[in-house]
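Proteins get letters first, then strands, A, B, ... in listed order; numbering begins at 1 in each.
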Amino acid sequence: MSAPSKPPLLATPTDLTAKRSGILVERAFIWICRFAVILPLFLLLVLIGDVVIEGLGRINTDFLTGLPSRRAEQAGIWPALVGSLYLMVLTAVLALPLGVGAAVYLEEYGRRSRLAGIIEVAIANLAGVPSVIYGLLGLGLFVRFFAFGNSLIAGAATLALLVLPIVIMSSREALRTVPDSLREAAFGLGATRWQMIRRVVLPMSLPGILTGAILAISRAIGETAPLIVIGAVVYITFLPDGIDSEFTALPIQIYNWVSRPQEEFLTNAAAGIVVLMLTLLLLNSVAIYLRHRHQKRQ
Amino acid sequence: MIFNSIAAGVARVVNGLGSGKRAETTLERLIQGGLVACGLLAIAVTVGIILVLIFETIEFFREVSIVDFFTQTEWTPLFIDKQYGIWPLVSGTILTSVIAISVALPFGLMAAIYLSEFAAPRTRTTVKPALELLAGVPTIVYGFFALTVVTPALQKVVPDLALFNALGPGIVMGIMIIPMISSLSEDAIYSVPVSLREAAYGLGAAKLPTIFRVVVPSAWSGIGAALTLAISRAIGETMIVAVAAGQQARIAIDPRAPIETMTSYIVNVAKGDVPTGTPEYRTIFAVGSMLFVLTLVMNLLSYRLAKRMRERGTR
């Protein structure tokens, strides 16, 4: 951080030239700040533009519905696409009930209790644990200890634990937007705590909870490292036929293509990235729509 | 069993606080127990991570000397002459993280100051989510970007830059981390009480000196929280370095050469065909433990700083 200069804290009102140069310095500083905001966004645009230009021409039905191949121009992403969709659904099924349950406990039952305090620290820490470590957890716990092998369910369980902190934090946020007066009104009508939660709090916070859930899921389907660590298969020419089946996923297929030296495989990687980013865009549009509707209602 | 007893205990406390004489059905209690169990899962996951890492790391140190691990300076578990010194991987991680933070900190902080102190409210509400987009892009995409765009572009400016190097991925990682710094710092800077600013203005201070000598220093705990979180993220970032930084573990400060980080080592071993159950394979858990400890320290520090910020009150 470089302050343009160190102007004195107290300006003497008579010193007009100093004041004017101070204003110039301030203007310059504002422009430098604007630059600091615009440059990263510009680079993001360049990144997306570059990927789209390189990959868009490669996307056709053969690419989308084809199986992987050692020849770049024949390779497709069908097993990876299907694998990612399965992972998405399974991860959601596992992570959402658990995450929302934990959030309901923390907001509606455990407020200010000691246990809730400990859980909060655990969640804050889990949110910062690198994803590759969740891969090691999944490898030790699901793949080996529970003997799930490198299966879809092992991958989904690992990703579910990875996004659990996100689901919990966003659900708590949603629960907090429900005013206490409504809770008290429900109690006043003789509702038990759970009746109050089920009939009043959850319906009201549902859009917020869903928005967070979608963001969590889009984080999950972009994850590569944990799936590699638990041993997701890179070269697979069949579709998974059950939750205990081996699988591959979009980011893994992309990684596989990126790490090959031939230029044609990089084009495939770019095309794969376009598909992945479109999926994310679709998910996030739904999230934004839900949030918008929610805000309008309040 | 343990869950149930804890749940019952918690339930008793909660009932005593809130509901007075209301009759609690068995169903209510069951549901409450289930919800407590969901909450306890967060603790269970933390414990699970620690147990898996400790268990496998102990197995590893039965076969490899822990002294060698921390004192030797070469890391070659996959070669014929096996050396197990962690420092080359740590050095690779530090190098890429330092590059990333020296990109992310100035940009993130400037963005935070701009959004909080100068930008119109409408700019603020549109630019903030736009910056957050940077953190939402999958890291494998950034890896592709580092390898195919940033490194070739840098090669035109930096002499002797290898195809795989620390510089390109480090810079890209920095761009990815910007929103992490800007978002948290902006909250901290924005929540500095208006009265402090007004006091400075009242003493005749201009806007810039007020920002740099009053506002930013009073927001330091929040900015510190943002910085430590960003460091933790940089240490743990995996795919960008796995794709674009190479696979050569060495103690180096030259960012132009290929290096290997702790995270990219784990990925490289896991995707290869190292037989499970061998000490070579267990290295990933030993390296993972080291990585976990480093990020844990940063996360806890960040949590403490952020808590201090919240307790300070708002504007």
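- Minimum interatomic distance between A:P97 and B:C38 (heavy atoms only, all atoms of both residues): O-SG, 4.3 Å.
- The greatest number of non-hydrogen atom pairs below 4.5 Å with chain B, out of A:L44, A:I133, A:V258, is found for A:I133.
- At most 12 non-hydrogen atoms from other residues, nucleotides or ligands lie less than 6.0 angstrom from CZ of A:F145.
- With values rounded to the nearest 0.5 angstrom, A:L98 atom CG is found 5.5 Å from B:L41 atom CG.
- Here A:L266 is the residue among A:I168, A:L266, A:V51, A:I48 with the most heavy-atom pairs under 4.5 Å with chain B.
- Proximity to chain A is absent for every atom of B:A244, based on heavy atoms less than 4.5 angstrom apart.
- Qualifying side-chain hydrogen bond (donor to acceptor under 3.5 Å, both in side chains) partners for B:K128, counting only residues two or more places apart in sequence or in other chains: B:E186, B:D187.
- The aromatic rings of B:F107 and A:F35 lie tilted to each other, with the angle between the two planes from 30° to 60°.
- The distance from atom CD1 of A:I197 to atom CG of B:L35, rounded to the nearest 0.5 Å, is 6.5 Å.
- Taking the side chain as every heavy atom from C-beta outward, B:V172 and A:L47 never approach each other to under 4.5 Å.
- Closest heavy-atom contact between A:L136 and B:F285: O-CE2, 3.8 Å.
- Here the closest heavy-atom approach between residue B:V52 and residue A:G140 is recorded as CG1-CA, 4.0 Å.
- The part of B:T148 that comes within reach of chain A is its side chain, from C-beta onward, which places non-hydrogen atoms under 4.5 angstrom from that chain.
- Between chain A and the options B:Y142, B:F55, B:F118, B:Y114, the largest number of non-hydrogen pairs under 4.5 Å is found for B:Y114.
- Of all the listed residues (A:L215, A:V129, A:L106), the one sharing the greatest number of non-hydrogen pairs under 4.5 Å with chain B is A:V129.
- Under 4.0 Å is where a charged nitrogen must lie from a carboxylate oxygen, and between A:R144 and B:E56 at least one such pair does.
- Counting heavy atoms from C-beta outward, B:M239 and A:V132 have side chains that stay 4.5 Å or more apart.
- Within the 4.5 angstrom heavy-atom criterion, no atom of B:V269 approaches chain A.
- Looking at B:L147, only its side chain comes within 4.5 Å of chain A, counting heavy atoms on both sides.
- In this structure, A:F29 has its ring center closer than 6.0 angstrom to the ring center of B:F212.
- A:L126 and B:A42 make their closest contact through CD1-O, 3.4 Å (heavy atoms, listed as atom of the first residue, atom of the second, distance).
- Per-residue heavy-atom pair counts under 4.5 Å with chain B were compared for A:V229, A:V46, A:I123, and the maximum is reached by A:V229.
- There is no contact between B:L229 and chain A, counting heavy-atom distances below 4.5 Å.
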